[in-house]
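Every chain is numbered from 1, with letters handed out A, B, ... down the list of sequences. Any value given below was found using the heavy atoms of this structure, including those in side chains, with hydrogens, waters and symmetry copies removed.
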Number of protein chains: 2
Amino acid sequence: WHVQPKAVRSKSLSPDAHDSSSKSDGGSSSGSESSKDSSRCSTPVLDADRHERLREKMRRRQDSGDKWFSLEFFPPRTANAAVNLISRFDRMGAGGPLFIDVTWHPAGDPGSDKETSSMIIANTAVNYCGLETILHMTCCNQTKDDITGHLQKAKRLGLKNIMALRGDPVGEEWEEEVDGFNYAVDLVKHIRNEFDDYFDICVAGYPKGHPEAESYEADLRHLKEKVFAGADFIITQLFFRSETFLKFMKDCQAIGITCPVIPGIFPIQGYHSLRQLVKLSKLEVPQEIKDVIEPIKDNDAAIRNYGVELAVSMCRELLDSGMVHGLHFYTLNREVATTEVLKRLGMWKEDPRRPLPWAVSAHPKRRVEDVRPIFWASRPKSYIYRTQEWDDFPNGRWGNSSSPAFGELKDYYLFYLKSKSPREELLKMWGEELTGEESVFEVFTCYITGEPNKNGHKVTCMPWNDDPLATETNLLKEQLEKVNRRGILTINSQPNINGKPSTDPIVGWGPSGGYVFQKAYLEFFTSSEIVTALLKVLKKYELRVNYHIVNVKGQNITNAPDLQPNAVTWGIFPGREIIQPTVVDPVSFLSWKDEAFALWIEQWAKLYEEESPSRMIIQYIHDNYYLVNLVDNDFPLENCLWQVVDDTFELLNSPTQQ
Amino acid sequence: WHVQPKAVRSKSLSPDAHDSSSKSDGGSSSGSESSKDSSRCSTPVLDADRHERLREKMRRRQDSGDKWFSLEFFPPRTANAAVNLISRFDRMGAGGPLFIDVTWHPAGDPGSDKETSSMIIANTAVNYCGLETILHMTCCNQTKDDITGHLQKAKRLGLKNIMALRGDPVGEEWEEEVDGFNYAVDLVKHIRNEFDDYFDICVAGYPKGHPEAESYEADLRHLKEKVFAGADFIITQLFFRSETFLKFMKDCQAIGITCPVIPGIFPIQGYHSLRQLVKLSKLEVPQEIKDVIEPIKDNDAAIRNYGVELAVSMCRELLDSGMVHGLHFYTLNREVATTEVLKRLGMWKEDPRRPLPWAVSAHPKRRVEDVRPIFWASRPKSYIYRTQEWDDFPNGRWGNSSSPAFGELKDYYLFYLKSKSPREELLKMWGEELTGEESVFEVFTCYITGEPNKNGHKVTCMPWNDDPLATETNLLKEQLEKVNRRGILTINSQPNINGKPSTDPIVGWGPSGGYVFQKAYLEFFTSSEIVTALLKVLKKYELRVNYHIVNVKGQNITNAPDLQPNAVTWGIFPGREIIQPTVVDPVSFLSWKDEAFALWIEQWAKLYEEESPSRMIIQYIHDNYYLVNLVDNDFPLENCLWQVVDDTFELLNSPTQQ
């Protein structure tokens with residue numbers, strides 16, 4: 001879909017600035033260089049990936065023979081579609097793409113702050129989904145200032161890669177603008193002039209030659225110009241036969257193009273989408289494909305199966321040629337066909353190895369982030385949002401005067417935090433009508449057990465947990481069910497772990513050969529009656545259990561020594577320092593509790609009419625319950641937190657207490 | 001021995017500056033405040049002690065009812081005596097004094113850089129022995145500039161406490177000097193004027209009144225002046241009856257002196273020292289003491305036993321009174337009597353709990369030091385010396401450009417690093433005449449086993465280890481013996497530990513309730529033949545074992561990823577972050593190897609004549625051997641480093657290798 005300039009131009013190509021700076025921060029030393037920048041305690045380089053720019057990642061994967069793939073998406077039309085696309089990013093991101101890219105739609109106000117703009121979708125992918133992302137950008141019919149403004153904004157948002165394109169002509173025929181950007185190469189040069197080596201730049205290649213180009217050869221020369229102007233790699237237009245790409249690649253090499261050339265793969269997903277695409281791109285579908293498709297054109301499943309088959313065999317030929325190290329997929333924002341092709345090629349990461357227990361963000365300034373409070377474990381996007389203005393990521397010491405404060409989470413309906421379930425569905429899960437605190441206990445219990453509620457609906461999310469119970473939390477399911485039934489309304493927990501291999505499929509993270517550890521953690525809302533008994537019980541566990549108990553009115557009880565953070569997840573790896581990515585810290589807990597209490601109102605109470613009994617029940621809980629966190633410090637022993645809860649109920653039920 | 005001004009003076013006493021600033025950094029919050037100063041990753045406050053000033057430590061110990069003691073020493077006359085005194089500091093420091101103090105001898109050039117000066121002895125105590133130290137300072141017969149110079153130097157060296165004294169008159173009779181310092185109170189005021197609240201100030205109290213004072217009452221008023229001028233606490237002159245002190249204390253309180261008053265205890269150690277002391281201090285020995293001593297005056301042991309008995313019962317009376325929280329001992333630089341008294345009082349720490357695996361330094365700027373390379377484990381004074389110019393203590397990342405380099409250890413005979421054994425003794429231990437590399441192997445082996453060498457001498461120290469084998473190393477004794485016999489000349493090692501309680505008597509450290517861990521470590525010199533085989537063997541252990549192999553010519557082979565440090569000792573504590581006080585890091589290993597190789601020559605080869613065969617053998621080892629360190633990353637499994645060595649010898653002995 002990318003249009004390439006017609007005219008061959010022969011301005012002096014001076015890639016020096018680009019090359020010299022790429023030398024200085026290229027290569028495998030960039031990881032250690034970036035740790036030099038700061039004397040603070042940053043996470044040892046666990047995953048070189050995190051410190052490399054995209055072109056370095058490509059080079060490293062190519063050098064190690066580790067084939068990769070990438071995924072192209074276009075911006076959605078509606079805010080709801082955007083929410084769904086973000087979930088798709090999360091799901092497809094788990095398969096391990098090297099990057100994703102987001103196309104630029106000049107008609108859709110692509111640089112704006114709208115939820116559906118290219119800029120904001122790419123921003124969300126980088127910052128909230130942690131995906132390496134390329135933002136497309138077209139240059140025709142735009143002023144230099146506009147483009148510079150877009151690029152500055154992209155940089156500010158943490159985007160590091162641009163796909164530089166000409167864009168489609170406004171009218172039928174292409175006309176050169178004086179003083180404007182007429183060709184993709186102009187945009188490449190502009191980026192290098194204005195932003196030096198900050199961005200990695202991708203340009204488009206046309207295996208059959210651009211439809212508007214004078215000739216295949218002329219088009220190759222245009223491509224070489226773009227590369228020499230500073231592009232780092234090439235992604236091609238789709239094609240239908242592997243020979244087409246392999247010939248193109250040889251021709252590129254023959255003319256002196258040495259940067260990576262990545263084939264664009266289009267798994268045929270339906271008759272009509274294929275026709276439309278072909279029309280837009282002015283490509284010709286080979287007769288042998290037409291012959292198969294025409295007879296089954298009304299059978300979507302059959303066409304998709306054929307498309308997958310075709311893509312798999314073409315990809316295999318490409319990979320087997322030894323000339324192809326990565327595959328770029330035109331997903332059309334759909335999941336099934338691309339995922340299927342990748343799975344059949346064995347390139348889909350079935351068991352994604354986590355570099356840290358939480359998903360790292362792809363914003364360059366967050367490269368040094370090495371620890372997070374456990375509280376936002378189920379709401380990482382909220383945590384990232386609330387710390388987006390931070391320039392520095394303190395090592396767990398959020399109370400330090402040198403550290404910035406958590407930002408307010410004013411809008412609980414930021415689109416990427418929006419619940420994927422509409423109001424009616426939430427009401428079915430959480431109760432059309434609440435009859436008392438017990439009906440709230442039941443909702444929590446059903447969420448834990450996965451059993452349907454009394455109206456037959458499964459509770460698959462909660463205000464504090466947008467997804468079903470994590471596999472790890474499943475380890476605690478039985479005990480969690482028991483305590484939720486009795487009004488210990490759990491919203492976060494982890495089991496203790498005493499040195500499991502870092503490759504453990506459930507609790508493992510980090511490189512192999514290491515050992516991971518956890519202290520048991522339990523966080524819940526509960527009534528003041530239970531808190532009173534709990535505090536008495538906790539005296540028996542004084543050294544062993546750290547607690548922090550707060551309510552919405554500002555009561556604040558903790559035995560944390562000097563308000564220090566307590567490391568609750570850590571890992572020991574060969575040849576590394578200790579890594580402690582998750583802490584329970586008393587200072588950020590106070591920011592979290594505001595959010596945690598507000599979610600009762602914003603996500604749950606507001607489902608009901610004002611003054612309705614259901615709403616008043618939630619309001620009562622919000623106003624009167626406490627938020628409690630407990631850490632069992634004795635990680636090598638059996639988790640004592642269940643005993644603490646049992647003791648509490650025993651005390652409540654004892655005659656003296658009555 | 002401190003002399004107090006005669007004249008009562010009534011200058012306006014304005015303790016404001018002192019009091020207000022003491023408010024701002026007093027109290028228990030100072031620990032957390034100091035961590036605020038820096039955004040770097042500093043050790044969580046494990047031991048509040050480390051961040052408190054002396055007066056705060058006293059207050060905390062008093063509040064918690066935890067009785068303490070302190071020890072007074074005078075500067076030695078010769079460099080050899082200084083070396084012995086420093087060892088005594090180390091030994092007596094292990095008993096857990098709250099502080100030591102070093103007297104000021106105006107005749108001995110006390111502020112100079114001589115090894116025997118008060119200043120340098122106090123500096124050594126603080127910086128190299130890690131002891132909280134008070135430096136005495138007298139003011140009479142000195143200019144303001146001289147005194148300011150001494151104080152500036154003391155501050156620069158990291159001394160934080162001054163005992164402000166008048167000093168003895170030059171002639172027989174005391175004469176006031178115009179414009180000079182005539183009284184201790186002048187010195188107190190001067191310190192507060194020039195150094196604000198930097199120093200904690202101690203002054204002397206006289207339970208019987210100063211011999212030159214007009215009256216006991218007048219002397220009490222002088223004392224009050226000193227306190228109101230800014231002194232933080234009082235140490236008294238010695239006395240012979242507990243009533244004397246208790247009356248004095250009540251009188252102090254009655255007159256409005258509220259700061260701590262610490263009784264000075266003098267265990268009688270001999271007839272002559274007692275007589276001399278009495279003469280100097282113009283005190284009268286009670287008749288009942290004279291009656292016991294006179295008949296046994298030639299029996300040193302009997303007098304010392306009596307002195308200990310007397311001191312113990314007097315100290316018991318003082319402590320039982322409830323008015324005394326700490327005891328100050330006039331040691332006369334001797335160990336036995338004071339140690340015995342403290343042991344009998346149950347105040348000598350028999351099992352010193354270590355806040356970190358290595359002894360922390362008492363220099364205020366090293367308060368944030370939280371990690372050291374393992375290499376200097378047996379030479380901590382050398383490490384401190386070589387990092388004394390550092391203003392910042394990097395978290396194990398010695399290769400960072402922001403970190404300073406290790407200082408040269410030019411003089412291997414710095415007095416506090418000097419071997420306590422004279423040349424003849426070293427020759428007996430290490431061999432009068434070496435006959436080959438095997439005789440060197442034998443010396444190492446004897447050091448490990450503790451068995452006498454073939455000439456019947458035990459090897460109690462080595463150039464790299466000034467003391468006999470550590471208790472912890474004893475755990476590895478059998479294997480160490482085996483490998484040393486075969487030419488793996490070990491100089492440092494630790495066993496792996498998989499979560500022992502932090503209170504473990506051998507490997508424990510840090511507060512109770514925690515767990516400590518270690519990776520197995522082995523460091524040795526060995527021949528190039530063995531290194532060649534070892535490198536082949538290490539291929540089998542690639543992920544499990546990190547190695548670093550260097551020689552004096554600059555060969556440098558390591559598999560450390562990105563030259564990152566490897567944490568080899570760490571601890572997990574209730575409510576804290578992870579603490580990793582010991583690392584193996586490739587960058588500082590290169591500084592250490594220069595020192596480790598140089599010790600062959602400086603401490604061993606130079607025992608022999610130039611060109612002698614013995615010297616040439618050591619020189620050959622220095623020139624041709626490699627220094628190797630190995631870390632077994634799999635700390636939960638059995639230490640594999642012995643297997644690595646066995647495999648190496650097996651390979652060397654296999655026919656194909658031959």
Side-chain angles (χ1 to χ4, degrees), chain A residues 28-29 31-33 35-42 44-45 48 370-371 392 394-397 399-403 498-499 511-515 517 519 542-546 559-567 570 572-580 583-586 631 633-636, chain B residues 28-29 31-33 35-42 44-45 48 371 392 394-397 399-403 498-499 511-515 517 519 542-546 558-567 570 572-580 583-586 631 633-636:
Chain A
S28 61
S29 66
S32 54
E33 260 179 53
S35 73
K36 271 185 209 167
D37 294 337
S38 158
S39 71
R40 66 183 285 280
C41 174
S42 69
V45 186
D370 52 8
V371 58
D392 190 23
N395 195 34
R397 292 179 186 75
N400 290 2
S401 55
S402 61
S403 307
N498 185 18
S512 55
Y515 295 90
F517 292 80
K519 291 180 180 177
E542 188 58 32
L543 244 185
R544 178 157 180 185
V545 174
N546 277 107
N559 67 343
D562 310 320
L563 296 183
Q564 286 187 65
N566 191 351
W570 64 99
I572 318 294
F573 298 94
R576 312 278 175 170
E577 289 175 272
I578 313 300
I579 297 159
Q580 53 165 46
V583 297
V584 167
D585 89 292
V631 178
N633 289 301
D634 264 331
F635 61 95
Chain B
S28 63
S29 66
S32 55
E33 258 178 54
S35 74
K36 269 183 205 166
D37 295 336
S38 158
S39 69
R40 65 184 286 279
C41 176
S42 69
V45 186
V371 58
D392 189 24
N395 194 36
R397 293 181 186 73
N400 290 3
S401 53
S402 60
S403 308
N498 185 17
S512 56
Y515 295 90
F517 293 80
K519 291 180 179 177
E542 187 60 30
L543 244 186
R544 180 158 180 184
V545 175
N546 277 106
T558 178
N559 67 345
D562 309 321
L563 295 184
Q564 286 187 65
N566 192 350
W570 65 99
I572 318 294
F573 299 95
R576 314 277 175 171
E577 290 176 272
I578 314 299
I579 298 159
Q580 52 164 47
V583 297
V584 168
D585 88 293
V631 178
N633 289 300
D634 264 331
F635 60 96

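From A:R576, atom CZ reaches atom CD of B:Q580 across 13.0 Å, with rounding to the nearest 0.5 Å.
By number of non-hydrogen pairs under 4.5 angstrom with chain B, the leading residue of A:P636, A:P586, A:G514 is A:P636. The most heavy-atom pairs under 4.5 Å with chain A, out of B:N546, B:V631, B:V545, B:V584, come from B:N546. Taking chain A as the reference chain and counting heavy-atom pairs below 4.5 Å, the highest number among B:L543, B:D634, B:L563 is found for B:D634.
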Verdict with supporting geometry, A:I572 and B:K519, side-chain contact (heavy atoms from CB on, under 4.5 Å) | CA-CA 10 Å; A:I572 318 294; B:K519 291 180 179 177; 3.7 Å; yes

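Across all non-hydrogen atoms, the minimal contact from B:F573 to A:N633 is O-OD1, 4.2 Å.
Contacts between A:N566 and chain B at a heavy-atom distance below 4.5 Å involve backbone atoms as well as side-chain atoms.
Ring pair B:F517/A:F635 is parallel by interplanar angle, where below 30° counts as parallel and above 60° as perpendicular.
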